[in-house]
Number of protein chains: 2
Amino acid sequence: MTHAVRHDAMRAGNLAVVLGALDRRGPLTRAALAEATGLSKTTVSKLVGDLIEAGMAVERGTVGDGERGRPGMAVGLSGHRVAALGLEINVDYLAGCVVDLSRTVRLLRTQATGNRSGAPAEVIGRLRTLAETLLAEAAGLGLSVAGCIVALPGPVDQATGNIHRAPNLGWRDVEVPGLLELPLPVLADNEANLAALGELWFGSGAALGDFLHVSGEIGIGAGLVVEGALFRGAHGYAGELGHVVVSPDGPQCRCGATGCLERYAGQDALLTPEENMTGLVARLHAGDATALAACEKAGTALGVALSSAVNLFDPDTIVLGGIFAPLFPWVSGPAEATLHRRLGQMRARVPAVVVSQVGADGASLGAAGQVIQRIIADPGAFLLAPQR
Amino acid sequence: MTHAVRHDAMRAGNLAVVLGALDRRGPLTRAALAEATGLSKTTVSKLVGDLIEAGMAVERGTVGDGERGRPGMAVGLSGHRVAALGLEINVDYLAGCVVDLSRTVRLLRTQATGNRSGAPAEVIGRLRTLAETLLAEAAGLGLSVAGCIVALPGPVDQATGNIHRAPNLGWRDVEVPGLLELPLPVLADNEANLAALGELWFGSGAALGDFLHVSGEIGIGAGLVVEGALFRGAHGYAGELGHVVVSPDGPQCRCGATGCLERYAGQDALLTPEENMTGLVARLHAGDATALAACEKAGTALGVALSSAVNLFDPDTIVLGGIFAPLFPWVSGPAEATLHRRLGQMRARVPAVVVSQVGADGASLGAAGQVIQRIIADPGAFLLAPQR
DNA sequence: CCGATTTAGTCTATGTTGTGGACTAAATAC
DNA sequence: GTATTTAGTCCACAACATAGACTAAATCGG
């Protein structure tokens, strides 16, 4: 239900409207803010005053654009006080970052460690150490970290932040947020979802329109961003592109079905057991026929699965991330050709296939960005937060 | 952007909160409403007064449940004044209905006419006559019709309500809402989307959880309902289940691709040119081997396409409507078996496949219901509407 | 160089809305 | 028949946004 609107909710809502306008339209004068939001100058002045006092906005000097009249004082988001922590647990690394309110990356650490079949408590302990280091450094920068989201490689219960199962880690039903024991609110989300948001805020962003972000790792996940917000299915199991049908009579998949995309374009299908991604890319550059054929096949299969996804989701753009980012030159051609072959006649516009602009840090950046997004959407809840 | 909250918006929001509570939780006393919404008794009393005056709510008598204390006066949605018009243009019929605020169907008319390759102006003229008849009858019942939505068999631009192309009607870029020239606000939407909403409000409804509604006609469309709201892709082209891949090397489809679901389970794939649906069902009941085999094949193909859709959308339930409703006994078995085969090992819960509870009127009912939904979500805009 | 004009931002009186608590109404409990 | 309990209304008050007057600081034109 839409919640009851009392006076305090009205104020909180308008605070969010002003902060949101600053976020989307860059620095603005109070007069321009009043124009943009439809609020009166008086109200905007009061709200801006509160935001400045809370360290969420700053005056950025007068804008004397040569026009007549008194020049306005530009007000913009301030990255000097409020910040967010993003963390990621993946199969072979841990990552963490601190992003400030203006979505500037202030700190970023990656730690290569084998977490495959590591005990949850042990892995989470290492992540806690990483997080505490980042929090201490953030405090040194004068930043007040308001919250944290952890990216996890598997479906996450949105209500609790617990991960139901992470096949690639060998985990089942682990209460990650609780076990982290950090002195701030902690939530968790699916790595594929957060990588899509990372692309939105730290990659090509709004230029993509509504986009489907494909994050191939061991499995292949996809996150859909519609009008700047993530589409989540019913229970966080949406976007499982890896098990979309490519050919119903295809090879057996570990999921029990046959002919899933993962069998054609998953990491295990492309790499030989003793080879890593760098090796494969080297072979591709050298013109190795086997490697080129495998990528051609993977790209075509990806195109088939994506054509189904486009029919169902209807995105403007498709972004290839994860393992498909380094393989993009070899995979995107066949994928795009297949998309055009299957969709070109029916649709006025076939989605473009582009490469992700954020690397492996996409998920942790998206996690921190999501915290920032929540703060901007409801700054009232953070105005009274302790300042360092 | 979230819109600025002024005093009038605060009041409008609270009106919506109260009306929404009445809609979802049935008749309630003012005291119970205050409890449910978090508003004070005073405020609830004032808001309820306005709603009663506007004819959107009525007192339904005291609830003397034997408890101590003064008995409360139950207040419920009133279906006596505000209503909505739903229309549908399909290949071989026109349909129209009037639904009141309490989502009771007050009037329902279907008109069998061949609209395939009929000139838009002519077909819309017939629809206008139908609409005007319904509006006159509604006025006779004391109903004030606040708005209208038209269901169309093809992708619809949400901003304008114009249909871009309707292959089964042979239409391109027709401004249906404008051409109707009705004396009330008219919008349009995709037939598959509205049929899904029809199932939500006039069929099995909330018991389904988040569901995917498959509406097979000539083409096969799907509408996804998440938390009581429709998921729309980027431009209203989402949910094209008919062109999801079943087998990439399958037969040529009219869309230019190969092996689309439509070629296995579309109306044209199941019926011989000289046969209609009734004939097919009769043959199935008689045990005709060819017909049974065709349905088995269609059901399996549907299961394959749906397994991809479930991987991407993650619904709780799948509802089969349109041509799949009469064919349900023969199609659902193979479809469900295929879903279990492909998804059973990976997912804790495979979506149940159920039959639609609303017939061919689903889309026009959903259209009217959507208007009602909008009124309930923002009653403020209709409080000053002319009363009959 | 100085007044007219224009735009930015603040200040003050006012209006709308929701709230808490006092008050009235109408039932059951003893 | 009185005490108790719950429903609903009334009234004084508080929170917030607003309109318009007012001050501040620039450009324009002579």
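Below, read A as the first sequence line, B as the second, and so on, with proteins coming before strands; counting in each chain starts at 1. None of these values were measured; they are calculated from a predicted model.
- OP1 or OP2 of dA17(D) sits under 4.0 Å from a side-chain N or O of N14(A).
- The 5' end of DNA chain D is approached more closely, in terms of each residue's nearest nucleotide, by G72(B) than by the other of V44(A) and G72(B).
- Between S40(B) and dT19(C) there is a side-chain polar atom (N or O) within less than 4.0 angstrom of OP1 or OP2.
- For the pair L39(B) CG and dG20(C) P, the computed distance is 11 Å after rounding to whole Å.
- Looking at T42(A), its side chain comes within 3.5 Å of the base of dG20(D) through a donor and an acceptor atom.
- Partner of L200(B) under the side-chain contact (heavy atoms from CB on, under 4.5 Å) criterion, chosen from V225(B), L230(B), L208(B), V358(B): V225(B).
- Residues D23(A) and R103(A) are in side-chain contact: their nearest non-hydrogen atoms beyond the backbone lie under 4.5 Å apart.
- Phosphate proximity of dT10(C) to R30(A): present, with a side-chain N or O under 4.0 Å from OP1 or OP2.
- An OP1 or OP2 oxygen of dT24(C) is reached within less than 4.0 angstrom by no side-chain nitrogen or oxygen of R70(B).
- The residue among R68(B) and M73(A) whose nearest nucleotide of DNA chain C lies closer to the 5′ end is M73(A).
- For the pair K41(A) NZ and dT6(C) C1', the interatomic distance rounds to 12 Å; values are reported in whole Å.
- In terms of position along DNA chain D, the nucleotide closest to P71(B) lies nearer the 5' end than the nucleotide closest to the other residue of the pair P71(B) and R6(B).
- The interatomic distance linking E59(A) (CD) with dA25(D) (C1') rounds to 15 Å, in whole Å.
- Taking every side-chain heavy atom of T43(B) into account, dG18(C) is the closest of dG18(C), dG8(D), dA26(C).
- In terms of polar N and O atoms assigned as donor or acceptor, the side chain of H7(B) comes within less than 3.5 Å of the base of dT16(C) in a complementary pairing.
- Each of K46(A) and E67(A) has a nearest nucleotide on DNA chain C; the 5'-most of these lies closest to E67(A).
- Spacing between atom CG of L28(A) and atom P of dG9(C) amounts to 11 Å, rounded to whole angstrom units.
- T43(A) is not listed as a side-chain neighbour of T37(A), based on a closest heavy-atom distance of 4.5 Å or more.
- M10(A) has its CE atom 11 Å from the C1' atom of dT18(D), to the nearest Å.
- Between K41(B) and R30(B), the closest side-chain pair of non-hydrogen atoms is not below 4.5 Å.
- For the pair R11(A) and dA17(D), the criterion of a side-chain N or O lying under 4.0 Å from OP1 or OP2 is met.
- In this structure, L33(A) places its CG atom 17 Å from C1' of dT18(D), rounding to the nearest Å.
- The separation between E35(A) atom CD and dG9(C) atom P is 13 Å, rounded to whole Å.
- When rounded to the nearest whole Å, the span between CG of L47(A) and P of dA15(D) equals 16 Å.
- Between S45(A) and the phosphate of dT10(C), there is a side-chain N or O to OP1/OP2 separation shorter than 4.0 Å.
- Expressed to the nearest 0.5 Å, how far OG of S78(B) lies from CG of D100(B) amounts to 7.5 Å.
- Under the 30°/60° scheme for interplanar angles, the aromatic rings of F231(B) and F231(A) are found to be tilted.
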